[in-house]
J.: 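My questions all concern the structure below.
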Amino acid sequence: MFALIDGNNFYASCERVFRPSLNGRPLVVLSNNDGCAIARSEEAKALGVRMGAPLFKIAHLLDEAGLVAVSANFELYGDMSERLMSLAAGLGHRQEVYSIDECFVDLTGVRGDLTLRAQRLRARIAQWIGIPTCIGMGSTKTLAKLANHIAKNAERKPGSYPVEHAQVCHLGAVGVDAREALLGQTAIAEVWGVGPRLAAQLQAEGLHTALDLARANPVVVQRRWSVVLAKTALELSGTACLGLEDVTPDKQQLACTRSFGQPVHALPELIEAVNEFASRAAEKLRRQGSVAAQLMVFIRTSPFRRQDRQHSAHRSLALPVPTHDSTVLCEAASALVRHLYQPGHAYAKAGVMLMDLRPVGLEQGRLALEPALLPPSKPALMQAMDAINQRHGRGSLHVASTGATHPRAWGMKQARKTPAYTTRWAGLLVASA
DNA sequence: TCTGGGGTCCTAGGACCC
DNA sequence: TCTGGGGTCCTAGGACCC
């Protein structure tokens, strides 16, 4: 048996914990650059704000409907997530943190009334952390996901599901008929692993609900679609195909990409930006304990600005010696962006991707048969830099080629940023009588 | 004027090997 | 006129997830 616990409208709920005046009001959290809505309170959903809606298209609601929009504050959400996860882990013996706002818990060996335990966990999370959650349980991960969907919608959309399943839904505790009825009420597109493309194809073949897929022959499903969808069908019918992954595997590739706050025309600024991205990616790489054997840089103009001349290009470089050294990766990124850059374009976005990752220590050396194109790695310097930044905050010590003047011309737009309430002294709330 | 970021897995096809 | 069989690796593209 598995449980799936997730925070409702997670980013919006995190903001509300520290600004209770936002309760009951339509609220959206914006993506980087204050571009589009990536989280919405129930009230914002009721106003018709779509997931991913660009701010400029919903800006009229700020005045007309009292909509509040805030810039994304990932430092806050990450910290709130850690607190939520540590409580949620208590529901069973093993936990898989699946994303910033949801986790699976293996309920094997957990005794007693699971529904009751789940309800108590919800209450504890609400009291200790202030985040509303929903919990779904089922004999497979896909069924736990589906139960979570039911738990969320039984309350939000009256009539969609029986209201006794609101907030906590345990598909293992209902009879076969009731379970089939619930699956029959769930549209195929809501199933975990079925995206828009597959949903359209499945519907065209007469499969409209989760129950239809659960009853489909997995051999036929695999032949017509894929082994992935066949597993989904099996999982829906109660045969577990997916296990709990409680050890997070190292990433196979790692990226840092950003849209610019303003279009970038000049090469020096572009170099600065990709150097910054390369350093950030290198930091992530060192945290994971890996080195990269390949680096890719891309730059592109905005596809939304049809009137502009478009340019989109990428280029990668095999690193002669796999590394996680910021200075080496910055040097490589600079060389690549010089190749890619074409004057006369308004660049809107750039990024650095590190690929062909492997654990530190497994790197193969290389005979020095050719002149080195890149500087040598400086492990001691990187260690010192990470230690200083750990202690004094990110960016305290950085590679000079990432730019000395702050704020950067190409930097992110974050006009509506809320304080880092839980992770910075300056963000601490002050109580007054 | 203004449109996010970061991942994974699977499959098909081509290159290449013996 | 006749032209094998079987395998691996890599890449690009497509689908999905949050």
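Lettering follows sequence order; numbering is per chain, from 1. These values consider heavy atoms only, across backbone and side chains, with no hydrogens, waters or symmetry-generated copies.
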J.: Whole Å only: how far is the CE atom of A:Met51 from the P atom of B:dG5?
T.: 14 Å
J.: Write down the distance between NZ (A:Lys349) and P (B:dG4), rounded to a whole number of angstrom.
T.: 7 Å
J.: Under 3.5 Å, is there a donor on one side chain and an acceptor on the other for A:Thr418 and A:Asn73?
T.: yes
J.: In dot-bracket form, 5' to 3', how is DNA chain C paired? Count Watson-Crick and G-U wobble pairs only if both distances fall under 3.5 Å, and write | where the partner sits on another strand.
T.: ....||||||||||||||
J.: Expressed in angstrom and rounded to an integer, what is the separation of A:Phe298 atom CZ from B:dG4 atom P?
T.: 11 Å
J.: Starting from the 5' end of DNA chain B, give me the residue, A:Lys284 or A:Gln222, whose nearest nucleotide shows up first.
T.: A:Lys284
J.: For a quick check, with a 4.0 angstrom heavy-atom cut-off, what is the B/S/- contact string for nucleotides 7-18 of chain C, read 5' to 3'?
T.: --------SSSS
J.: Looking at A:Asp356 and A:Arg358, is any side-chain nitrogen of the basic one under 4.0 Å from a carboxylate oxygen of the acidic one?
T.: yes
J.: Suppose you measure atom C1' in B:dC17 against the same atom in C:dG4; what distance do you get, rounded to whole Å?
T.: 14 Å
J.: Let's see if you can work this out: which of B:dG5, B:dT3, B:dG6 has an atom nearest to the side-chain heavy atoms of A:Cys256?
T.: B:dG6
J.: Does A:Arg305 have a side-chain nitrogen or oxygen under 4.0 Å from the phosphate oxygens OP1 or OP2 of B:dT1?
T.: no
J.: Would you mind classifying the nucleic acid contact of A:Asn32 as base, sugar-phosphate or nothing, using non-hydrogen atoms under 4.0 angstrom?
T.: sugar-phosphate
J.: Does any residue of residues 70-88 of chain A have a heavy atom under 4.0 Å from DNA chain B, and if so, which ones, in number order?
T.: none
J.: Can you check the A:Asn33 CG to B:dT3 C1' distance for me, whole Å?
T.: 10 Å
J.: Provide, to the nearest angstrom, the distance between the CG atom belonging to A:Asp34 and the P atom belonging to B:dT1.
T.: 19 Å
J.: What is the distance, rounded to the nearest whole Å, between atom CZ of A:Arg280 and atom C1' of B:dG6?
T.: 13 Å
J.: Just the rounded figure in Å: distance from P of B:dG5 to CG of A:Leu254.
T.: 15 Å
J.: Does atom CZ of A:Arg50 have more than 12 heavy-atom neighbours, drawn from other residues, nucleotides or ligands, at distances under 6.0 Å?
T.: no
J.: Is the ring pair A:Tyr77/A:Phe74 parallel, tilted or perpendicular, if the boundaries are 30 and 60 degrees?
T.: perpendicular
J.: To the nearest Å, how far apart are A:Phe304 CZ and B:dC2 C1'?
T.: 11 Å
J.: How about A:Ser71 and A:Gln414: does a side-chain donor come under 3.5 Å of a side-chain acceptor?
T.: no
J.: So if I apply the salt bridge (charged side-chain N to carboxylate O under 4.0 Å, His left out) rule between A:Glu42 and each of A:Lys157, A:Lys152, A:Arg156, A:Arg25, which one comes out positive?
T.: A:Arg156
J.: Output, in order, the C-alpha distance, side-chain angles, deciding distance and verdict of ring pair (Phe, Tyr, Trp, His ring centres under 6.0 Å) for A:Trp192 and A:Phe104.
T.: CA-CA 14 Å; A:Trp192 188 40; A:Phe104 289 99; 5.5 Å; yes
J.: Pick out which of A:Asn153, A:Thr133, A:Asp6 makes a side chain to side chain donor-acceptor pair (under 3.5 Å) with A:Asn148.
T.: A:Asp6
J.: So with a 6.0 Å cut-off around CZ of A:Arg19, is the heavy-atom count from everything else above 12?
T.: no
J.: Does NE2 in A:His314 sit with more than 12 non-hydrogen atoms of other residues, nucleotides or ligands closer than 6.0 Å?
T.: no
J.: Count the heavy atoms belonging to other residues, nucleotides or ligands that lie under 6.0 Å from NZ of A:Lys231, then report whether that count exceeds 12.
T.: no
J.: Respond yes when some side-chain nitrogen or oxygen of A:Thr257 is under 4.0 Å from OP1 or OP2 of B:dG6, and no when none is.
T.: yes
J.: Return whichever of A:Leu55 or A:Val228 has its heavy-atom-nearest nucleotide of DNA chain B closer to the 5' end.
T.: A:Leu55
J.: Would you say A:Gln119 has more than 12 foreign heavy atoms packed within less than 6.0 Å of its CD?
T.: yes
